[in-house]
Every structure is written in C-alpha cells, then in structure tokens.
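When a residue number appears, it is its place in the shown sequence, counting from 1.
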Amino acid sequence: MKKIIGATLVALSCAASAADYFSVDIDSVNNQVSGVRSTAQYIRAGKEAGGIQMGVEGRNAVSHAGGMLNSLEVTGGKNIGAFTPFVGVGFDSGANGARNADYKYGLVGATTGMKFGPGFALAGVKTRIGTTAAVETKQTVVFGTYSLPIVKNVALNLNASKSYQDIQENALGLGVRISY
C-alpha cells in the first residue's frame, strides 16, 4: 500500500504542477447490494495539451464496515464536438492491499459539459474493459459534477454518481476545484 500511496502522490504532484485544474472531492458512497457505506476521497488533476485532454485520478475509500480501497486512473481523450471520448488505464490495490488482490484494468468513457446558470455542469460515463483480477469485476459508472464558482479560479463541486453491473453504488459528494 505504501507503494500505491507514494506513486499516487508523485503522479498527482507532477500533474498538479502542470495542470489546468486540480480538485479534491469527498463522496459518501452506499453499496446498493450489501448496504455498506464508505467515504471516498478523490484527488483529480487534468491538462489539455495538443488537443488531448489528459487526466489522473487517485481514489481512497474507507469502508464504514472496516477496510480500505485505493485506486489510480490515468486517462486521455479528445474533444469531438460537445463530447470528449476517452480511454485509460487503472490500478486497484484490492481490499486493504491484500496480497494478490490488486489488479489492473482498462477503461473507456465519454464526458460532456456546458455552462449552466452561474456554474458549469459536467456529465459522463465510464466502464472497465478488462482486468487482471482473478474474478473480473465489471463496472460502469454514470457521473455528474456541478462546479459553482466561489472566487476567481476556485469552485465548489457538487458530485453524484451511480455504478452498475458487479459493483452497484450510489454516491453524493462535495469538493473544491482550483483552475490555473
């Protein structure tokens, strides 16, 4: 787990120093199958370079039933009209970083966004497309964020997401986004 945390911090600090935006979000997550709740902390950074939208996301979830999950995703996409389709790779340490519980996966998705009222609304979907897990876990996540400006370059994020397939969770959260 120390390696995951170290790699996440290095990746995020490098991304944040050259990023167009950086956000920290905390979501309350409810597993729809088991009823177990968890608190997930997200650190995200993104950069547009040469027409490519690049992003990195670190996630740390602490289960109220005990235990921790950590993951790191890196994505790249290109704006096509109002949509940004993307591909990426991810690494999940498994529950509590248990030996042989970690796995890697690919993902595909798309986002779209627009100015809405005083803020910016973003909606998207992403799905895993194969894993190295002993038992492949399928997951598709539909998500949305509304960023409401507080002061110049700082916004309050209001988040909601729902995941389907093997992992069925609902999440609501708050965060702060800093734009550069």
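- Hydrophobic clustering (side-chain heavy atoms under 4.5 Å, transitive across Ile, Leu, Val, Met, Phe, Trp, Tyr) groups I43 together with I178.
- Applying the side-chain hydrogen bond (donor to acceptor under 3.5 Å, both in side chains) rule to T111 yields no partners; only residues at least two apart in sequence or on another chain are considered.
- With values rounded to the nearest 0.5 angstrom, K78 atom NZ is found 9.0 Å from Q53 atom CD.
- Nearest heavy atoms, V36 versus A65: CG1-CB, 3.8 Å.
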Per-pair distances, 0.1 Å, donor-acceptor, side chain in residues 116-133, under 3.5 Å, sequence neighbours excluded:
unit_1: K126; atom_1: NZ; unit_2: E73; atom_2: OE1; d: 2.8
unit_1: T127; atom_1: OG1; unit_2: Q139; atom_2: O; d: 3.1
unit_1: T127; atom_1: OG1; unit_2: T140; atom_2: OG1; d: 2.6
unit_1: R128; atom_1: NH1; unit_2: Y103; atom_2: OH; d: 3.1
unit_1: R128; atom_1: NH2; unit_2: Y103; atom_2: OH; d: 3.4
unit_1: R128; atom_1: NH2; unit_2: Q139; atom_2: OE1; d: 3.3
unit_1: T131; atom_1: OG1; unit_2: A133; atom_2: N; d: 3.2
unit_1: T132; atom_1: OG1; unit_2: K104; atom_2: N; d: 2.9

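- Here the shortest heavy-atom pairing between Y105 and F91 reads CE2-N, 3.9 Å.
- The structure places CG of L69 at 7.0 Å from CZ of R59, a figure rounded to the nearest 0.5 Å.
- The two residues S28 and R37 come nearest to each other via the heavy atoms OG-NH1, 4.0 Å.
- Hydrophobic clustering, with ILVMFWY side chains joined whenever heavy atoms are under 4.5 angstrom apart, keeps V141 apart from F86.
- A side-chain donor-acceptor contact under 3.5 Å links T112 to the backbone of A82.
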Name each donor-acceptor pair under 3.5 Å that joins a side chain in residues 148-160 to protein atoms two or more places apart or in another chain, with its distance.
unit_1: N157; atom_1: OD1; unit_2: S147; atom_2: OG; d: 2.6
unit_1: N157; atom_1: ND2; unit_2: D25; atom_2: OD1; d: 3.1
unit_1: N159; atom_1: OD1; unit_2: T145; atom_2: OG1; d: 2.8
unit_1: N159; atom_1: ND2; unit_2: D25; atom_2: OD1; d: 3.0

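- Here the closest non-hydrogen pair linking G35 and N30 is O-OD1, 3.5 Å.
- F143 approaches S161 most closely through the heavy-atom pair CB-CB, 3.9 Å.
- With hydrogens and angles disregarded, no donor-acceptor distance shorter than 3.5 Å links the side chain of N70 to the backbone of S93.
- Side-chain N or O atoms of D166 include one that pairs as donor or acceptor with a backbone N or O of K138 at under 3.5 Å.
- For Y164 against K162, the heavy-atom pair with the smallest separation is OH-CD, 3.1 Å.
- In the hydrophobic cluster analysis, where Ile, Leu, Val, Met, Phe, Trp and Tyr join through side-chain heavy atoms closer than 4.5 angstrom, V176 is grouped together with Y146.
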Quiz item: Where do T84 and N79 land on the side chain to side chain contact (heavy atoms under 4.5 Å, CB included) test, with the steps shown first?
Solution: CA-CA 4 Å; T84 305; N79 291 347; 2.5 Å; yes
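- Put simply, NE2 on H64 and OG on S38 are 6.5 Å apart, with the number rounded to the nearest 0.5 Å.
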Exercise. Report the C-alpha separation of Q41 and V24 in whole Å, then their side-chain angles, then the decisive distance to 0.1 Å, and conclude whether the side chain to side chain contact (heavy atoms under 4.5 Å, CB included) test is met.
Key: CA-CA 7 Å; Q41 299 93 28; V24 177; over 6 Å; no
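- Annotation: the span from K47 atom NZ to Y180 atom OH amounts to 11.5 Å, rounded to 0.5 Å.
- When atom types are taken as modelled, the side chain of S163 and the backbone of I167 share a donor-acceptor pair closer than 3.5 angstrom.
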